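Okay, structure first, notes after.
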Amino acid sequence: MTDVIRTPSVPKRSQRGTLRRMLRNPLGILSLSLLALIVLAAVFAPLIAPFDPNYADVGNTLADPGGQNPLGTDSAGRDVFSRLLYGARLTLLSALLCAIVAIAIGLPGGLIAGYYGGPFDSTSNWFSNMLMALPGIVVLLVVRAAFGPSVWISMIFFGILISPSYYRLTRSAVQSVRNELYVDAARVVGLSDARIISRHILSVVRAPLIIQTALICGVAIAVQSGLEFLGLGDPTAASWGSMLGDGFNNIYVQPSLMLWPALAIGITIGSLVLLGNAIRDALEDRRQIKAPRRPRPVAEAGTREPAVVDDAEAILQVADLSVGYPNADGEYTRVVRDVSLTIRPGEVLGLVGESGSGKSQTAFSILGLLPRTARILSGSIRFEEAVLVRDGEVDVNAVLGIRGRRIAYIPQEPMSNLDPAFTIGHQLTRPMVKLLGISKTRAAERARDLLRRVGIADPDRVMKGYAHEISGGMAQRVLIAGALSCEPDLIIADEPTTALDVTVQAEVLDVIRTMQRELGVAVLLVTHNIGVIADIADRVAVMRQGEIVETGPVDEILRRPAHPYTRTLMASMLVGKEPLMPLGLSGPATGAETSEEEDERQRALDQADMQQPLSPAAETILREDI
Amino acid sequence: MLTFTLRRLASGLGLLVVISMLTYTLLFFSSTAIARNILGEQATPEQIALKEAELGLDQPLPVRYLGWATAALRGDLGESWFNGEPVTQTILNRLPVTLVLMIVSIVLVALIATALGVLAAVRRGRVDQTVQVGAVVGDAIPGFVLALVLVTIFAVNLGWFPAVSTIRPGAGPEAWIVSLSLPVIAIVLNYVTSSAQQIRSAVIKELDKDYVRTLRSRGLGEREIVLKNVLRSAAPAGLTVLSLQFIGLLGGVIILEQIFAIAGIGPLFITATTVGDIPVVMGLTIVAVVVVIIVNLLVDVAQGALNPKVRLS
């Protein structure tokens, strides 16, 4: 039963695979080997060390390396090499103790807080914040003053101090999966909370916990040796920190004394940090997708006739446009293929197709706003006299010259497209001041006027407000006003109504239509909704899998759709009509191949998303630098 | 905004009360051997009892705490058990050096880290790789070890900087500059890459947001968008990192001052801890917590000013 519940939404990789990937990473091997060496040195210290770490040969202080003392002796005549080995014991054990204490507090705390929420969550959050607000070394000095020089007590306290890093990590991981469907399903099936937590939730936090532990151990070692360095540790125990202190006191006499403990500390912490990074990389399995320098000419491109329709009246001409994303093979997966379209002044062109058909990518190409990884592979884009793209080469200055002033943009998701940190008035007036060269007061006047025209009754209040203070429909009106503010000749509207409530959709569409008629501006309307097209467009271009399959006047296309895909789209829209065919299965020519292509395209797009920075929760580690 | 600030202030004061009670309990819980420490091994039990009565150690803990707290509210943190000097004055004499060291360092860290982080996020490529590698190296080397390395090379071997601070009461600005340069460099080197890394992540996260695309579509310049819009939205994340670093630095300077022989609160704290001069330890802890509370308050207010949403929550 529970097997059914497991879904791919949690990346579940076998530990073995992760280990293998980690070992393939040279830094992973290096750090593991170094750590293994240090652990061995610590375990077998009594066997390897030539002397007792506290045996002091008073007649042989600050000796140079050589003879009985391979690394020399310290200011009390103790053997440096032996002390270094025994110091490894103290260091590793103290780091371990700190990590265990921190996990013992942070992990259950985070699990309970994240899973159950409620008063426990708020109380433990308060404690977590309080602990994080404490300067660690100061607390440890207080602890030292209270309890005396015990490294173990210090490390227990430091474990408590640093436990919020585990707590926060666990809590946020649990919160993110608590409401996943498979956890709900497990609950419905009647699994006990303990079972759900151990089976579904612990597996999510396990990997970040390991990474965090590596880093925490490093921090603990730094703090512990810092305290020992200051002479606040147990004077009878050999430690790297106290050796450093001894070396520092004798820096003019025997400078090499500082070298060995400093190296030991640096290498140990360095290995732990590298280990953490190696595990993280292995888990993320970040295959570096490098964009090929020169996009390879696409072989099939030659098979098609160039579709340049030199329409003298058109303000926008897109010819043979292809857009691609780099894939793992070092090539580009094309998400837009040889797309050509034209728009005349004052015309509304509907670009319709289902999601992933490449219509938004086409629109972004015109504005030069493709995501960072995407690339225009071929084709040209011309806006009136300005050549924005010539044979796949983008003319950045030309694009910057038309943006906002000549071609404006209305986005899909109204809320996320307003800057949350600035007032709406500021966002509306800034482009006008810059592009139209008018004064701020004048721009504010214009903004108020525009807001009124797009149907906002109280423009003053809206202009003073922030994005989070207005509704989605209101925000979309603001964005339409923003698009119109610099009197563009063409507006590219990317699914302008999709994210809105159905009732608001009609209103917003109405605003676009009214403004288009009043101002005579051309519109490229990108949508998956053929009903919207029927409502507002003069001409329509139907896109599928990156290609335009059909284009023509709206009346004609809607009345006599030539391409089966257009019929499918229409069938999916028109109420009360039998669907002709299931979506996506439009003819014998499109079989298994097509879906593979689709998969590949989806992968390419997914990869583009993945290249956004991952913010590994492990980085939230509370760094207590000393 | 005012209620927001007042609420933060109240929670800071609450923290101060809780911490001072905890610290006081912790410190006096184990201060039984203090009288012997002060008087030395030869002290008779009578002398010890007398000393304990003199220090108020024979009173119940809550009474002593209340006495301490009311005096502390008047600015009187008591007297050192070892040299009888007033704690408040001792700390006030030493605090300026420490604060100057911390503030100069954190301001430099903020400036350099912001520049590096933004460059790395916008340009990617080599700057980015340097920041990433630097962050790993910075994590791997503890600050005090780095400081020791710098002292060895630049003060002991090359003699470019004094190995012992020359800041004395009434010292001129050159003494400050010469004495604090190396410690500031040590702190900046140690902190800057990890902050830059965090700022880079925050900037990249903002750059990928929809509103940035819309701002670009409006014809605003890339530089203007990055420096004005993106940086403003990324600033809260950066401020959080810097405030955490500043708090961490409060501990870090204690060790650094010892290494560079700067007469700030660090050496005072270490000596007081070693000998068990509880009033001094208590006083320094309270000062540290007050600094933390002030920093957090300032950061909270700045966050509120930067992000209108914070003010509501």
Side-chain angles (χ1 to χ4, degrees), chain A residues 130 132-138 141-147 218 222 225-226 229-232 244 248 251-252 255 258 262 265-266 269-270 273-274 277 367 369 403-405 408-409 411 413 416-422 430-431 434-435 466 468 479 482 486 612-613 615 622-626, chain B residues 15 18-19 23 26-27 29-30 136 139-145 148-149 152 156 190-191 194 201 204-205 208-211 213-220 229 232-233 244-245 247-252 254-255 258-259 269-270 272-274 276 278 281 284-285 288 292 296 306-309:
Chain A
M130 186 190 79
M132 288 192 54
L134 293 178
I137 298 286
V138 172
L141 287 177
V142 170
V143 168
R144 162 66 170 76
F147 294 102
S225 43
F229 168 78
L230 293 177
L232 298 176
L244 260 185
F248 187 57
I251 189 167
Y252 290 99
M258 260 171 67
I265 295 171
I269 301 178
V273 171
L274 284 180
N277 281 341
L367 285 159
L369 292 178
R403 256 192 219 160
R405 185 80 180 84
Y409 163 69
E413 173 68 54
S416 66
N417 276 286
L418 287 169
D419 187 338
F422 287 88
R430 193 140 65 104
K434 186 179 177 226
L435 299 185
Y466 289 92
H468 65 271
L479 285 160
C486 295
Q612 292 176 3
S615 56
L622 163 86
R623 256 173 61 80
E624 193 59 60
D625 282 65
I626 59 165
Chain B
L15 185 71
V18 172
I19 299 286
T23 315
L26 202 63
L27 284 174
F29 176 68
S30 56
V136 175
D139 276 349
I141 302 176
F144 79 96
V145 175
L148 286 174
V149 172
T152 310
V156 174
N190 187 39
Y191 282 78
S194 65
S201 309
I204 289 181
K205 209 168 119 204
D208 278 333
K209 288 200 173 159
D210 286 347
Y211 76 83
R213 184 168 55 207
T214 300
L215 286 171
R216 287 182 180 138
S217 82
R218 296 279 185 263
L220 298 175
N229 301 74
R232 178 157 178 179
S233 291
L244 280 178
Q245 292 210 329
I247 293 169
L249 194 54
L250 209 49
I254 291 176
I255 303 186
Q258 183 81 351
I259 293 175
F269 212 146
I270 292 165
T273 302
T274 318
I278 302 299
V281 174
L284 285 167
T285 309
V292 168
N296 281 340
L306 284 166
N307 184 350
K309 256 188 184 168

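Since we're looking at a predicted model, the values are computed, not measured. Values below: every heavy atom of this structure, side chains too, minus hydrogens, waters and symmetry copies.
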Need one label for A/M130: side chain, backbone, both or neither, based on atoms under 4.5 Å from any heavy atom in chain B. both
For B/A140 versus A/G270, what's the shortest heavy-atom pair and its separation? CB-CA, 3.4 Å
Checking A/N277 against chain B: side chain, backbone, both or neither under 4.5 Å from a heavy atom? side chain
At a heavy-atom distance under 4.5 Å, which candidate from A/L367, A/V142, A/V143 has the highest pair count against chain B? A/V142
Under 6.0 Å from the ring centre and within 45 degrees of the ring axis: does the NZ or CZ of B/R232 meet both conditions for the six-membered ring of A/F422? yes
For B/I259, is it the side chain, the backbone, both, or neither that has a heavy atom closer than 4.5 Å to a heavy atom of chain A? both
Give me the atom names and distance for the closest heavy-atom approach of A/A146 to B/L26. CB-O, 3.3 Å
Distance from B/S217 atom OG to A/L369 atom CG, nearest 0.5 Å? 6.0 Å
Side-chain touch B/L284/A/V138, heavy atoms, less than 4.5 angstrom: no
Looking only at heavy atoms, the pair that brings A/L435 and B/R218 closest together is CD1-O, 3.2 Å
Closest non-hydrogen atoms of B/R216 and A/R403, given as atom of the first, atom of the second and distance, are O-CD, 2.9 Å
I'd like to know which of B/L250, B/N229, B/L215, B/T285 tops the heavy-atom pair count under 4.5 Å against chain A. B/N229
To the nearest 0.5 Å, how far apart are CG in B/D139 and CG in A/L274? 10.0 Å
Side chain / backbone / both / neither for A/L141 at chain B, heavy atoms under 4.5 Å: both
Measure the OH-CZ distance between A/Y409 and B/R213 for me, rounded to the nearest 0.5 Å. 4.0 Å
Working note: A/L134 + B/V292, criterion side-chain contact (heavy atoms from CB on, under 4.5 Å); need CA distance, chi angles, decisive distance, verdict. CA-CA 7 Å; A/L134 293 178; B/V292 168; over 6 Å; no
Using a 3.5 Å distance criterion without hydrogens, assess whether the side chain of A/K434 forms a donor-acceptor pair with backbone atoms of B/L220. no
Point-to-point distance, once rounded to the nearest 0.5 Å, from CG of A/L479 to OG1 of B/T214: 6.0 Å
Taking every heavy-atom pair that is under 4.5 Å apart, which of B/V136, B/N296, B/V156, B/L15 has the most such pairs with chain A? B/V156
Shortest non-hydrogen contact from B/P142 toward A/I269: CG-CD1, 3.4 Å
Minimum heavy-atom separation for B/T273 and A/A145, please, with both atom names. CG2-N, 3.7 Å
Supply the atom-to-atom distance B/I270 CD1 to A/L230 CG, rounded to the nearest 0.5 angstrom. 4.0 Å
If I take atom CD1 from residue A/I265 and atom CZ from residue B/F144, how far apart are they, to the nearest 0.5 angstrom? 4.5 Å
Please examine the side chains of B/D210 and A/P411, heavy atoms only from C-beta on, and report whether any two atoms are closer than 4.5 Å. no
